[in-house]
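Everything below concerns the one structure shown next.
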2 protein chains.
Amino acid sequence: MNYKEFENCSVNLFFRIFSGKWKPLILHHFFYTGDERFIELWRKMPKISKKVLLEQLKEMENDGIVVRKQVNTFPPEVYYGLSETGKSLEQLLLHIESWMENYQLQRTTELDPMKEKQK
Amino acid sequence: MNYKEFENCSVNLFFRIFSGKWKPLILHHFFYTGDERFIELWRKMPKISKKVLLEQLKEMENDGIVVRKQVNTFPPEVYYGLSETGKSLEQLLLHIESWMENYQLQRTTELDPMKEKQK
DNA sequence: CAGTATCCCGCGTGATACTG
DNA sequence: CAGTATCACGCGGGATACTG
(Lines give C-alpha, C1' and ligand atoms only; values in the text may rest on other atoms or scores of the structure.)
Protein backbone atom coordinates (compact mmCIF):
# COMPACT_ATOMS: atom_id res chain seq x y z
CA MET A 1 0.00 0.00 0.00
CA ASN A 2 1.11 3.48 -0.78
CA TYR A 3 1.06 5.35 2.48
CA LYS A 4 -0.29 8.45 0.84
CA GLU A 5 -3.40 6.39 0.16
CA PHE A 6 -3.68 5.19 3.69
CA GLU A 7 -6.01 7.85 4.96
CA ASN A 8 -8.57 6.63 2.46
CA CYS A 9 -7.90 2.93 2.87
CA SER A 10 -11.03 0.99 3.54
CA VAL A 11 -10.36 -0.43 7.00
CA ASN A 12 -9.25 2.95 8.22
CA LEU A 13 -12.32 4.56 6.77
CA PHE A 14 -14.45 1.92 8.42
CA PHE A 15 -13.15 2.92 11.81
CA ARG A 16 -13.60 6.58 11.04
CA ILE A 17 -17.24 5.96 10.19
CA PHE A 18 -18.20 3.74 13.10
CA SER A 19 -16.01 4.64 16.02
CA GLY A 20 -18.04 7.49 17.38
CA LYS A 21 -18.43 6.82 21.06
CA TRP A 22 -22.12 5.95 20.86
CA LYS A 23 -22.47 4.60 17.36
CA PRO A 24 -22.15 0.91 18.17
CA LEU A 25 -24.84 1.28 20.81
CA ILE A 26 -27.13 3.18 18.47
CA LEU A 27 -26.70 0.59 15.75
CA HIS A 28 -27.27 -2.21 18.24
CA HIS A 29 -30.44 -0.50 19.32
CA PHE A 30 -31.75 -0.17 15.78
CA PHE A 31 -31.07 -3.81 15.05
CA TYR A 32 -32.98 -4.94 18.11
CA THR A 33 -35.75 -2.37 18.29
CA GLY A 34 -36.05 -1.09 14.73
CA ASP A 35 -36.84 2.51 13.89
CA GLU A 36 -37.49 4.74 16.81
CA ARG A 37 -38.64 8.20 17.59
CA PHE A 38 -35.85 10.53 18.60
CA ILE A 39 -37.10 11.22 22.09
CA GLU A 40 -37.52 7.53 22.80
CA LEU A 41 -34.06 6.78 21.55
CA TRP A 42 -32.69 9.54 23.70
CA ARG A 43 -34.56 8.42 26.82
CA LYS A 44 -33.09 4.98 26.51
CA MET A 45 -29.56 6.39 26.54
CA PRO A 46 -29.54 8.49 29.66
CA LYS A 47 -25.86 9.25 29.75
CA ILE A 48 -25.68 10.90 26.35
CA SER A 49 -26.59 14.52 25.75
CA LYS A 50 -29.12 15.36 23.07
CA LYS A 51 -26.57 17.34 21.17
CA VAL A 52 -24.17 14.44 20.93
CA LEU A 53 -26.86 11.95 20.03
CA LEU A 54 -27.99 14.22 17.23
CA GLU A 55 -24.43 14.59 16.03
CA GLN A 56 -23.84 10.88 15.93
CA LEU A 57 -27.12 10.33 14.11
CA LYS A 58 -26.40 13.06 11.61
CA GLU A 59 -22.94 11.72 10.91
CA MET A 60 -24.30 8.28 10.23
CA GLU A 61 -27.04 9.80 8.14
CA ASN A 62 -24.45 11.61 6.06
CA ASP A 63 -22.58 8.35 5.74
CA GLY A 64 -25.71 6.68 4.45
CA ILE A 65 -26.07 4.29 7.37
CA VAL A 66 -29.04 5.87 9.10
CA VAL A 67 -32.26 7.34 7.71
CA ARG A 68 -34.20 10.22 9.19
CA LYS A 69 -37.95 10.43 8.71
CA GLN A 70 -39.93 13.47 9.72
CA VAL A 71 -43.63 12.79 10.21
CA ASN A 72 -45.39 15.88 11.53
CA THR A 73 -44.60 19.54 11.41
CA PHE A 74 -45.76 20.42 14.89
CA PRO A 75 -44.94 19.16 17.37
CA PRO A 76 -41.91 17.76 15.58
CA GLU A 77 -41.96 14.00 15.29
CA VAL A 78 -38.85 12.45 13.85
CA TYR A 79 -37.94 8.83 13.48
CA TYR A 80 -34.52 7.39 12.94
CA GLY A 81 -33.69 3.96 11.61
CA LEU A 82 -31.31 1.97 9.48
CA SER A 83 -30.93 2.46 5.78
CA GLU A 84 -30.56 -0.56 3.54
CA THR A 85 -26.82 -0.03 3.74
CA GLY A 86 -27.11 0.11 7.50
CA LYS A 87 -29.03 -3.14 7.57
CA SER A 88 -26.36 -4.79 5.46
CA LEU A 89 -24.04 -4.31 8.43
CA GLU A 90 -25.69 -7.04 10.43
CA GLN A 91 -23.53 -9.94 9.33
CA LEU A 92 -20.38 -7.93 9.82
CA LEU A 93 -21.39 -6.87 13.31
CA LEU A 94 -22.19 -10.46 14.18
CA HIS A 95 -18.78 -11.42 12.89
CA ILE A 96 -17.19 -8.81 15.13
CA GLU A 97 -19.21 -10.01 18.10
CA SER A 98 -18.22 -13.61 17.61
CA TRP A 99 -14.57 -12.72 17.14
CA MET A 100 -14.69 -10.67 20.31
CA GLU A 101 -16.34 -13.47 22.21
CA ASN A 102 -13.42 -15.69 21.34
CA TYR A 103 -10.97 -12.93 22.07
CA GLN A 104 -12.35 -12.28 25.52
CA LEU A 105 -12.43 -15.97 26.27
CA GLN A 106 -8.76 -16.28 25.36
CA ARG A 107 -7.88 -13.23 27.37
CA THR A 108 -9.55 -14.47 30.52
CA THR A 109 -7.76 -17.80 30.32
CA GLU A 110 -4.47 -16.06 29.55
CA LEU A 111 -4.90 -13.91 32.61
CA ASP A 112 -6.36 -16.72 34.67
CA PRO A 113 -4.90 -16.78 38.20
CA MET A 114 -4.54 -20.56 37.94
CA LYS A 115 -2.09 -20.10 35.12
CA GLU A 116 -0.26 -17.36 36.98
CA LYS A 117 0.40 -19.76 39.84
CA GLN A 118 2.17 -22.16 37.53
CA LYS A 119 4.98 -19.67 37.05
CA MET B 1 -28.90 -4.64 26.76
CA ASN B 2 -28.42 -3.00 30.08
CA TYR B 3 -26.80 0.33 29.38
CA LYS B 4 -24.60 0.04 32.41
CA GLU B 5 -23.00 -2.87 30.60
CA PHE B 6 -22.56 -0.96 27.41
CA GLU B 7 -19.06 0.25 28.05
CA ASN B 8 -17.97 -3.36 28.10
CA CYS B 9 -20.13 -4.56 25.24
CA SER B 10 -18.13 -6.42 22.67
CA VAL B 11 -18.59 -4.26 19.59
CA ASN B 12 -17.80 -1.17 21.57
CA LEU B 13 -14.72 -2.80 23.00
CA PHE B 14 -13.67 -3.84 19.54
CA PHE B 15 -13.63 -0.24 18.43
CA ARG B 16 -11.79 0.83 21.54
CA ILE B 17 -9.09 -1.73 20.83
CA PHE B 18 -8.59 -1.10 17.14
CA SER B 19 -9.44 2.49 16.43
CA GLY B 20 -6.12 4.04 17.26
CA LYS B 21 -5.22 6.29 14.39
CA TRP B 22 -2.45 4.05 13.05
CA LYS B 23 -3.54 0.62 14.16
CA PRO B 24 -5.24 -0.48 10.96
CA LEU B 25 -2.14 0.46 9.02
CA ILE B 26 0.16 -1.35 11.43
CA LEU B 27 -1.96 -4.48 11.29
CA HIS B 28 -2.12 -4.28 7.53
CA HIS B 29 1.63 -4.02 7.45
CA PHE B 30 2.11 -7.07 9.67
CA PHE B 31 -0.24 -9.14 7.54
CA TYR B 32 1.63 -8.29 4.38
CA THR B 33 5.22 -8.09 5.60
CA GLY B 34 5.21 -10.21 8.74
CA ASP B 35 7.29 -9.40 11.79
CA GLU B 36 9.50 -6.39 11.49
CA ARG B 37 12.17 -4.59 13.36
CA PHE B 38 11.00 -1.43 15.04
CA ILE B 39 13.20 0.95 13.10
CA GLU B 40 12.11 -0.56 9.80
CA LEU B 41 8.47 -0.33 10.72
CA TRP B 42 8.98 3.26 11.73
CA ARG B 43 10.81 4.20 8.55
CA LYS B 44 7.96 2.90 6.47
CA MET B 45 5.50 5.17 8.21
CA PRO B 46 7.10 8.56 7.80
CA LYS B 47 4.26 10.65 9.12
CA ILE B 48 4.08 9.04 12.53
CA SER B 49 6.31 9.99 15.42
CA LYS B 50 8.27 7.31 17.24
CA LYS B 51 6.44 8.02 20.44
CA VAL B 52 3.04 7.47 18.92
CA LEU B 53 4.11 4.35 17.06
CA LEU B 54 5.43 2.92 20.30
CA GLU B 55 2.22 3.79 22.06
CA GLN B 56 0.08 2.10 19.48
CA LEU B 57 2.28 -0.97 19.54
CA LYS B 58 2.28 -1.13 23.30
CA GLU B 59 -1.48 -0.79 23.46
CA MET B 60 -1.95 -3.62 21.03
CA GLU B 61 0.63 -5.63 22.93
CA ASN B 62 -1.31 -5.11 26.14
CA ASP B 63 -4.44 -6.17 24.31
CA GLY B 64 -2.72 -9.36 23.21
CA ILE B 65 -2.79 -8.53 19.50
CA VAL B 66 0.88 -7.78 18.98
CA VAL B 67 4.01 -9.50 20.25
CA ARG B 68 7.28 -7.82 21.09
CA LYS B 69 10.53 -9.74 20.77
CA GLN B 70 13.82 -8.36 22.00
CA VAL B 71 16.85 -9.99 20.40
CA ASN B 72 20.04 -8.25 21.52
CA THR B 73 20.93 -6.17 24.51
CA PHE B 74 23.08 -3.62 22.74
CA PRO B 75 22.39 -2.05 20.40
CA PRO B 76 18.74 -2.76 21.10
CA GLU B 77 17.06 -4.85 18.45
CA VAL B 78 13.36 -5.31 18.84
CA TYR B 79 10.90 -7.00 16.56
CA TYR B 80 7.17 -6.60 16.52
CA GLY B 81 4.66 -8.94 14.99
CA LEU B 82 1.23 -10.46 15.33
CA SER B 83 0.28 -12.79 18.12
CA GLU B 84 -1.86 -15.82 17.33
CA THR B 85 -4.84 -13.76 18.40
CA GLY B 86 -3.69 -11.01 16.08
CA LYS B 87 -3.40 -13.43 13.20
CA SER B 88 -6.93 -14.65 13.84
CA LEU B 89 -8.09 -11.18 12.84
CA GLU B 90 -7.39 -11.76 9.17
CA GLN B 91 -10.81 -13.10 8.18
CA LEU B 92 -12.54 -10.34 10.05
CA LEU B 93 -10.43 -7.66 8.42
CA LEU B 94 -11.13 -9.14 5.02
CA HIS B 95 -14.81 -9.09 5.86
CA ILE B 96 -14.54 -5.41 6.74
CA GLU B 97 -12.70 -4.69 3.54
CA SER B 98 -15.25 -6.43 1.38
CA TRP B 99 -18.13 -4.72 3.14
CA MET B 100 -16.43 -1.38 2.66
CA GLU B 101 -15.84 -2.09 -1.00
CA ASN B 102 -19.54 -2.59 -1.44
CA TYR B 103 -20.30 0.42 0.67
CA GLN B 104 -18.09 2.71 -1.31
CA LEU B 105 -19.50 1.39 -4.55
CA GLN B 106 -23.02 2.15 -3.39
CA ARG B 107 -22.01 5.55 -2.19
CA THR B 108 -20.45 6.56 -5.47
CA THR B 109 -23.51 5.50 -7.42
CA GLU B 110 -25.79 7.25 -4.93
CA LEU B 111 -23.82 10.42 -5.36
CA ASP B 112 -23.33 9.89 -9.08
CA PRO B 113 -23.86 13.11 -11.02
CA MET B 114 -25.88 11.15 -13.60
CA LYS B 115 -28.43 10.31 -10.96
CA GLU B 116 -28.45 13.87 -9.71
CA LYS B 117 -29.52 15.06 -13.13
CA GLN B 118 -32.56 12.83 -13.05
CA LYS B 119 -34.08 14.88 -10.25
C1' DC C 1 18.47 1.85 18.05
C1' DA C 2 14.62 1.51 21.36
C1' DG C 3 12.31 4.01 24.38
C1' DT C 4 11.17 8.29 27.46
C1' DA C 5 10.23 13.17 28.80
C1' DT C 6 8.07 17.59 27.76
C1' DC C 7 5.24 20.54 25.94
C1' DC C 8 1.46 21.45 22.84
C1' DC C 9 -2.83 21.56 20.17
C1' DG C 10 -7.28 20.26 18.13
C1' DC C 11 -11.22 17.58 18.34
C1' DG C 12 -14.64 14.59 20.16
C1' DT C 13 -17.51 14.65 23.84
C1' DG C 14 -20.28 16.79 27.46
C1' DA C 15 -23.51 20.23 30.37
C1' DT C 16 -26.69 23.58 29.97
C1' DA C 17 -29.76 26.86 28.23
C1' DC C 18 -32.24 28.43 24.42
C1' DT C 19 -35.39 28.50 19.95
C1' DG C 20 -39.19 27.36 16.53
C1' DC D 1 -40.26 17.69 20.85
C1' DA D 2 -36.39 18.33 17.61
C1' DG D 3 -32.61 20.82 17.01
C1' DT D 4 -29.03 24.74 17.98
C1' DA D 5 -25.73 27.77 20.53
C1' DT D 6 -22.14 28.26 24.03
C1' DC D 7 -18.67 27.14 26.76
C1' DA D 8 -15.54 23.81 28.63
C1' DC D 9 -12.39 19.97 29.24
C1' DG D 10 -9.73 15.70 28.74
C1' DC D 11 -7.24 12.97 25.80
C1' DG D 12 -5.35 11.14 21.54
C1' DG D 13 -2.01 12.47 18.70
C1' DG D 14 2.19 15.17 17.39
C1' DA D 15 7.18 17.70 17.47
C1' DT D 16 11.35 17.62 19.52
C1' DA D 17 15.07 16.60 22.41
C1' DC D 18 17.05 13.44 25.47
C1' DT D 19 18.72 8.76 27.67
C1' DG D 20 20.67 3.94 28.25
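- Using cut-offs of 30° and 60° on the angle between ring planes, the pair Phe14(B) and Phe15(A) is parallel.
- Scored by the side chain to side chain donor-acceptor pair (under 3.5 Å) test, Glu101(A) finds no partners at all (sequence neighbours excluded).
- Stem analysis of DNA chain C (Watson-Crick or G-U pairs, both distances under 3.5 Å, runs of at least three) returns C:1-20 with D:1-20.
- Other members of the hydrophobic cluster containing Val71(B), listed by chain and number, are Tyr79(B); membership follows side-chain contacts under 4.5 Å among ILVMFWY residues, whether direct or relayed.
- Residues meeting the side chain to side chain donor-acceptor pair (under 3.5 Å) test with Asn62(A), sequence neighbours left out: none.
- With sequence neighbours excluded, the residues that form a ring-ring contact (aromatic ring centres under 6.0 Å, His included) with Tyr32(A) are His28(A).
- Sequence neighbours left out, the pairs with a member in residues 78-95 of chain B that pass salt bridge (Lys or Arg N to Asp or Glu O under 4.0 Å) are Glu84(B)-Lys87(B).
- Sequence neighbours left out, the pairs with a member in residues 48-58 of chain A that pass salt bridge (Lys or Arg N to Asp or Glu O under 4.0 Å) are Lys51(A)-Glu55(A).
- With sequence neighbours excluded, the residues that form a side chain to side chain donor-acceptor pair (under 3.5 Å) with Thr85(B) are Gln106(A).
- Using a 4.0 Å heavy-atom cutoff across all strands shown, Ile39(A) reaches sugar-phosphate atoms only and no base atom.
- Between chain B and DNA chain C, the heavy-atom contact criterion of under 4.0 Å yields a 5' to 3' nucleotide range of dC1(C) to dT6(C).
- Residue Tyr80(A) is in sugar-phosphate contact alone, with no base atom involved, counting any heavy-atom pair closer than 4.0 Å across all strands shown.
- Arg107(B) pairs by the side chain to side chain contact (heavy atoms under 4.5 Å, CB included) definition with Tyr103(B), Glu110(B), not counting sequence neighbours.
- In this structure Trp42(B) satisfies the side chain to side chain donor-acceptor pair (under 3.5 Å) test with no other residue, sequence neighbours excluded.
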Nucleotide N/O to protein N/O under 3.5 Å, stretch nucleotides 12-15 of chain D:
residue : atom : partner  : partner atom : Å
dG13(D) : OP1  : Lys21(B) : N            : 2.7
dG13(D) : OP2  : Gln56(B) : NE2          : 2.9
dG14(D) : OP1  : Lys21(B) : NZ           : 2.7
dG14(D) : OP2  : Trp22(B) : NE1          : 2.7
dG14(D) : N7   : Lys51(B) : NZ           : 2.8
dG14(D) : O6   : Lys51(B) : NZ           : 2.3

